[in-house]
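Only one structure is covered here, and it is reproduced in the block below.
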Amino acid sequence: MPKLKTKKAAAKRFKKTGTGKLKRMKAYKSHILTKKSAKRKRNLRKATTTDASNVKTMKKILPYI
């Protein structure tokens with residue numbers, strides 16, 4: 001069986017935690033920040049885990065992560 005290719009766009013956006021979960025940064029933090037509250041922007045800074053419904057797909061496109 002040949003080696004599997006990693007989708008590089010996804011590899012740049014996801015990291016694996018020590019327990020094997022996928023870590024990602026939150027969206028909506030790049031522009032139009034004036035109308036967003038300081039609390040909302042502060043919460044968008046933090047990383048979060050990938051939703052369970054997407055994990056199967058993510059493992060497929062990130063075979064070696």
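Index from 1, following the sequence.
- Atom NZ of K59 has more than 12 heavy atoms from other residues, nucleotides or ligands within 6.0 Å.
- Here T57 contributes atom OG1 and D51 contributes atom CG; the two are 11.0 Å apart, rounded to the nearest 0.5 Å.
- Side-chain atoms of K16 come within 3.5 Å of backbone atoms of I65 as a donor-acceptor pair (strictly under, hydrogens ignored).
- Rounded to the nearest 0.5 angstrom, K29 NZ and N43 CG are separated by 11.0 Å.
- Considering all non-hydrogen atoms of both residues, A27 and L44 come closest at O-CD2, 3.2 Å.
- More than 12 heavy atoms of other residues, nucleotides or ligands shown are found within 6.0 angstrom of NZ on K41.
- Checked by atom type and distance alone, the side chain of K36 pairs as donor or acceptor with a backbone atom of Y28 at under 3.5 Å.
- Residues F14 and M25 do not share a hydrophobic cluster, defined by chaining ILVMFWY side chains whose heavy atoms lie under 4.5 Å apart.
- Inter-residue side-chain proximity for T49 and K23 is flagged as unmet; no heavy-atom pair is nearer than 4.5 Å.
- To the nearest 0.5 Å, atoms CZ (R40) and CG (L33) are separated by 9.5 Å.
- The two residues K60 and P63 come nearest to each other via the heavy atoms O-CD, 3.9 Å.
- Here OG1 of T48 is found 11.5 Å from CG of L22. Values are rounded to the nearest 0.5 Å.
- The distance from atom CZ of R45 to atom NZ of K26, rounded to the nearest 0.5 Å, is 11.5 Å.
- Within the model, atoms CZ of R24 and OG1 of T50 stand 6.0 Å from one another, a figure rounded to the nearest 0.5 Å.
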